[in-house]
There are 2 protein chains.
Amino acid sequence: MPKSPATKARSKRAGSQLTPGAIIDASLRIAARGSEDAFTVRRLGEELGADPTAIYRHFRDKDELLLSVADHMLGEALDAIPDGLDWKARLRALADASLAVALKYPVVGSAMASRTTRRSNEFRVVELILGAVLEAGLEGSEAAVHYRMIGDTLLAYVGQQAAFLLFDADARAADNSAWNREYRLVDPQRFPHITGLSGELAEVTDEQIFDATVEALISTVEKRAAAHRGV
Amino acid sequence: MPKSPATKARSKRAGSQLTPGAIIDASLRIAARGSEDAFTVRRLGEELGADPTAIYRHFRDKDELLLSVADHMLGEALDAIPDGLDWKARLRALADASLAVALKYPVVGSAMASRTTRRSNEFRVVELILGAVLEAGLEGSEAAVHYRMIGDTLLAYVGQQAAFLLFDADARAADNSAWNREYRLVDPQRFPHITGLSGELAEVTDEQIFDATVEALISTVEKRAAAHRGV
DNA sequence: ACCTGAACACCGTTCAAGT
DNA sequence: ACCTGAACACCGTTCAAGT
């Protein structure tokens, strides 16, 4: 496809037709390769067939590029959420889609865990969460605080999972097997609870943890809304 | 104090008495300077009065050093938790102490958000959380899953806050003022909830968000324990 | 107006050489 | 047995030079 006649005009001078969109697309392709391909300015230049420093004509620095890529990812997550869901199902769908997109592009997912893109798709996410907590029955500053609780917790958790994917295979394996190694060998006198639950601890899955966290956020909103109605 | 006669023997050859403990202490001093002092191998050599590469005689690589420093931080957090608290107060104290220590040494706090130190103080934290959820009334795999929910969520949240502290002042200011800038200028037709709550959103504090998150974790454990007793 | 490429000021880590 | 210091293979970014 890159060699078809239709694209000839765009490449008459190799790599000289850079646009912000083309740079973001190339960034997403590199990010999707996870830890196998470092997301560097030089690698990005290669992917674009241009000089590594050409991107500085379109983005102030790498951070601004990352924010734009992250906002693109939020858009991808939002587009995966179907219409017509009630507030709980909307929050669950947002959580699942956010995790999926962060694991798909882990370099960006982890780098953006403590940032705000302040771009259009982030506005859509905020509007979605606010709509959910308002539908649940929260109002005013209580709605605002609980939106932040949900947004920050989701972002942090999802970024944490993405960052873990970026460690080299050895470090990941060591962390994953810790429950079956270091935690099995712990002194039963000093750590009776760890010893007593070592089997159950080794069997907990990432899905169980994520589900429990999301349900904790949802049921907290529900509980606050019920308390509010009771007043 | 470093110049007292008692310490003379230790410094007859400048910087030649490195120990893992001295390297960890120097790391903590650098980390405590936050974004003002980069936590690099070269900077660490300076702080120790030794060649930058001397630390490789005591730690396999920088990651192993970071894990040791992080475990030291967990010890500092644990030592700040008083005895005799009930399970809810213990979890609240752990959350507060973890946040405090991560904000005190933000470089390490943010780098370790998705890691497991597998060292002694981490065992103590696990034992504390497991003890709390067991005291609340959870058992077996339910205790294990809820321990992971609390541990992972706290670590992720606290790491996110620490990472935010590391951005340069400009980026931090831009993120903090977003609620008073970008979010105020949003299209009221497309984003009615953001528009309606813009005042409340700008006033939410980090403390409110952290408290709401910790209470969400605690009340989820309480709710599950009550459901369990009901069976 | 945009792209190039040399250059700068950094990183973490290795390894032969010292003591 | 431990420390040194040159060296390597990287980073992001700047800036004068090209077109």
Side-chain angles (χ1 to χ4, degrees), chain A residues 9-27 30-31 33 35-70 107-108 110-112 115 163 166-168 170-171, chain B residues 9-27 30-31 33 35-70 107-108 110-112 115 163 166-168 170-171:
Chain A
R10 305 186 63 220
S11 55
K12 75 178 165 187
R13 244 180 64 205
S16 60
Q17 70 287 5
L18 288 187
T19 61
I23 295 171
I24 291 173
D25 287 346
S27 301
I30 296 172
R33 290 179 206 132
S35 58
E36 316 224 324
D37 206 347
F39 183 49
T40 68
V41 170
R42 281 168 179 82
R43 186 71 193 81
L44 187 52
E46 246 179 82
E47 184 76 24
L48 288 162
D51 189 88
T53 66
I55 63 155
Y56 288 93
R57 247 50 57 190
H58 298 92
F59 294 94
R60 186 162 40 81
D61 53 23
K62 199 187 176 184
D63 188 62
E64 204 209 328
L65 169 60
L66 273 172
L67 289 174
S68 298
V69 175
V107 207
V108 188
S110 86
M112 293 298 106
R115 300 302 304 282
L166 292 177
F167 291 116
D168 51 292
D170 287 355
Chain B
R10 305 186 62 222
S11 54
K12 75 179 165 187
R13 245 181 64 204
S16 61
Q17 71 291 3
L18 289 186
T19 61
I23 295 171
I24 290 173
D25 287 346
S27 301
I30 297 172
R33 291 180 207 131
S35 58
E36 316 223 322
D37 206 347
F39 182 49
T40 67
V41 170
R42 280 168 179 80
R43 187 71 193 78
L44 187 52
E46 245 178 83
E47 185 77 23
L48 288 162
D51 188 89
T53 67
I55 62 155
Y56 288 95
R57 246 52 56 193
H58 299 91
F59 294 95
R60 186 160 39 81
D61 53 23
K62 199 186 177 186
D63 188 62
E64 205 208 328
L65 169 60
L66 273 172
L67 289 174
S68 298
V69 175
V107 207
V108 189
S110 86
M112 292 299 107
R115 299 304 303 284
L166 292 177
F167 291 115
D168 51 292
D170 286 354

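It should be emphasised that the depicted structure is a prediction, and the values quoted were computed from it without experimental measurement. Below, chains carry the letters A, B, ... as their sequence lines are ordered, and counting in each starts from 1.
- Taking atom CG on A/L66 and atom P on D/dC11, their separation rounds to 15 Å, with Å as the unit.
- Checking D/dC3, C/dG12, D/dG12 against the side-chain heavy atoms of B/T40 singles out C/dG12 as nearest.
- In this structure, the CD atom of B/E46 is 18 Å from the P atom of D/dC3, given to the nearest Å.
- Between the side chain of B/D61 and the main chain of B/E64, a donor-acceptor pair closer than 3.5 Å is present.
- The pair B/E47-B/R43 counts as a salt bridge, with a side-chain nitrogen and a carboxylate oxygen less than 4.0 angstrom apart.
- Of the inter-residue distances, the one linking B/E36 atom CD with B/L166 atom CG reads 11.5 Å to the nearest 0.5 angstrom.
- Atoms CG (A/L44) and C1' (C/dC3) sit 14 Å apart, rounded to a whole Å.
- Going from atom CG of B/L18 over to atom C1' of D/dT4 covers 12 Å, rounded to whole Å.
- Picking from C/dG12, C/dT4, D/dT13 the nucleotide with the shortest atom distance to the side chain of A/A54 gives C/dT4.
- Once rounded to the nearest 0.5 Å, the distance linking CD1 of A/I30 with CG of A/D25 reads 11.5 Å.
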Which pairs, protein N/O on one side and nucleotides 14-16 of chain C N/O on the other, fall under 3.5 Å?
none

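- With rounding to the nearest 0.5 Å, the separation of CG in B/D51 from CZ in B/R42 is 9.5 Å.
- In this structure, of D/dG12, D/dC2, C/dC2, it is D/dC2 that holds the atom nearest to the side chain of B/H58.
- Taking the centre and axis of the six-membered ring of B/F39, the NZ or CZ atom of B/K62 falls inside the cone set by 45° and 6.0 Å.
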Next item on the list: Dot-bracket for DNA chain C, please, read 5' to 3', with Watson-Crick or G-U wobble pairs under 3.5 Å on both distances, ( ) within the strand, [ ] crossing, | other strand, . unpaired.
Entry: ||.|||||...|||||.||
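- Atoms CG (B/D63) and C1' (C/dG12) sit 12 Å apart, rounded to a whole Å.
- Remark: P of C/dT13 and CD1 of B/I55 are 8 Å apart, rounded to the nearest angstrom.
- The side chain of B/A50 has D/dT4 as its nearest neighbour among C/dG12, D/dC2, D/dT4.
- Contact annotation: the side chain of B/I24 approaches that of B/F59 to within less than 4.5 Å [non-hydrogen atoms, C-beta and beyond].
- A distance-only check finds a donor-acceptor pair linking the side chain of B/H58 to the backbone of B/L18 [under 3.5 Å].
- In this structure, A/D61 places its CG atom 18 Å from P of C/dC10, rounding to the nearest Å.
- Going from atom CD1 of B/I23 over to atom P of D/dC2 covers 11 Å, rounded to whole Å.
- Side-chain contact between A/L65 and A/L44 is present, with heavy atoms from C-beta onward closer than 4.5 Å.
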